[in-house]
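By convention in this document, chain letters (A, B, ...) are assigned in the order of the sequence lines, proteins followed by strands, and residues within each chain are numbered from 1.
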Amino acid sequence: MHFLNFRGVFQKWPTQILFVLAVSALIVSFQVIYQFGNLWQVSMSELKNRHYVSAYVDESISDEKLSGVALELEQIEGIDRVVYIDRVSFANAMEKRFPNLHQELSKVRNVNVLPRYFRLTVNSANQESALDQIVTRVSGLQGIDFVEANRKRFLGVIQAVTKLEKILWIFLGAVIVLMLFSFYYSVRIRVHEESRQLEILRELGATNWYLMSPFITQGLLLGGLAGALASLGFAFWGAPVVGTLASAFASQISSSSQALDFSISPHLSLLNIALPICYGLFTGLIGSFIASLKVRSSN
Amino acid sequence: MDYAYQLNQVTKNFGSFAALKSVSLTIPVGSFLSITGESGAGKTTLLRILGGDEEPSSGNISRISLNGNRLSSSTLQSLRKQVAFIRQDLRLLENENVFENVAAPLRISACPSKTMRRRVEAALAEFELDKKAKMKIESLSGGERQRVAIARAIASNTSVLLADEPTSSLDRDWSWKVFEAFIRLNREGRTVVLASHDQSIVQALKKPALCLKRGVPIDLGGLCTF
């Protein structure tokens, strides 16, 4: 019954296996929520600082004259980037980035002619007046049919995503609290069951650390096991879920904002696989440490 | 002279009941003291005070150079590492086997593994428990359990041994083996305080004895005469 004595941890192994499975499920949930939230946070922080203006090309203008229009657009102060989106590349780009939109886009292509337009990136257009000036100047150019700079709709999307982020953070907090409570109660029950044994060891001169250490070992061991299991769970199940969620939301955002020019896809790095083990060890350590403090108070 | 314990007018009350009344006593280091008296005389209370389980209601006590009636948590731990206490209820670790029970105080004091094994095996052999080393405590008889508690105290590396009715469940032969072990430990320099209601044992030991009657030493600080 000392720090390296693991016997007590596995005395009730069927219960402990169930406990490890439950905690690993919690860790996988945590990792899925965290990875998904983190993905959006990074993407949105990029998106929030930008503004996109779509300058639709007059259908009567020839392709040869388009380069001249592009040059004129580049010379307008405040426009950082000009990208010409022709019908085919628009469709292809969308299909490549969001494969799950393929069917939707195909349907659209069969019934509608896709537009030709210039997508203008305005990075410093936080002031509405500056944006209005750019829109007015672009609208006045020959070859431009109409200009769309629906900042409100775009901001609405960002607000919705920000709300989603907050909800995800609340979920994350709840999962962490659940994990801590799981470890706390698991260890607390063992402390209670072994209270007489602990009392005797104390009479034999055991220090608080000596009495607490097996319980902290229990937390670390079970946390590590649950974390390792969760790593596998995330690699084989969690990461694909994050990918599916990200694709689903990306399609929503792209259709709403019409301005998603970067990919949103999770990457299964070694760190992402190792993180669940760290979560397990950390929550196991904290939960069991708090629970084992009861040993001190019963002095 | 160095002393293991020094009590000055120590009184212990449990509510209105006085278990010990004005006990003054000095127990030198390396001495052997028997405490006797009929049931309820205060022998266990006195031993519990010596072991740090109880605090005196009044008076002063110094335990193994640790002064003060009230001991802090860390001081109490330090005292308990120096005192092996065979309690009447034995206080064995029911979930552990015989070997682990005897080894427990040595593990707590971080005794090297080889030394621990040697000491435990010697104690188990002395009390014929070596063949039951891997048995759980719950499967032992009352006498065997008492021998495990005694073996634990003897194997531990303490300077003081307190024993409260240590042979209550043992037959006469085993009782004498236990007392012989106590006398041997005392010769090796350990301070031994033995409480027994059996005056014939105390007489036969031919060691200094303190008689208690209803919490009062019959001969204060002195020895019993039989």
Is the [atom1] atom of [X] crowded by more than 12 outside heavy atoms at less than 6.0 Å?
{"X": "A/Tyr34", "atom1": "OH", "value": "no"}
{"X": "B/Lys12", "atom1": "NZ", "value": "yes"}
{"X": "A/Phe282", "atom1": "CZ", "value": "no"}
{"X": "A/Tyr185", "atom1": "OH", "value": "no"}
{"X": "B/Glu38", "atom1": "CD", "value": "no"}

(message) Run the side-chain contact (heavy atoms from CB on, under 4.5 Å) test on A/Leu204 and B/Arg91 for me, step by step, so that the C-alpha distance in whole Å, both residues' side-chain angles and the decisive distance to 0.1 Å come before the verdict.
(response) CA-CA 10 Å; A/Leu204 295 173; B/Arg91 310 290 277 168; over 6 Å; no

For residues [X] and [Y], report the shortest heavy-atom separation together with the two atoms involved.
{"X": "B/Ile108", "Y": "A/Leu201", "answer": "CD1-O, 3.7 Å"}
{"X": "B/Asn95", "Y": "A/Gln197", "answer": "ND2-OE1, 3.3 Å"}
{"X": "B/Arg152", "Y": "A/Ile200", "answer": "NH1-CG2, 4.1 Å"}

(message) So A/Arg202 and B/Leu76, do their side chains get closer than 4.5 Å, heavy atoms only?
(response)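 Of all side-chain heavy-atom pairs linking A/Arg202 with B/Leu76, none is under 4.5 Å.
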
(message) Under 4.5 Å from any heavy atom of chain A, what part of B/Leu92 do you find: side chain, backbone, both or neither?
(response)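 The backbone, not the side chain.
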
(message) Rounded to the nearest 0.5 Å, what separates atom CG in B/Asp53 from atom CD in A/Glu203?
(response)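 It comes to 5.5 Å.
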
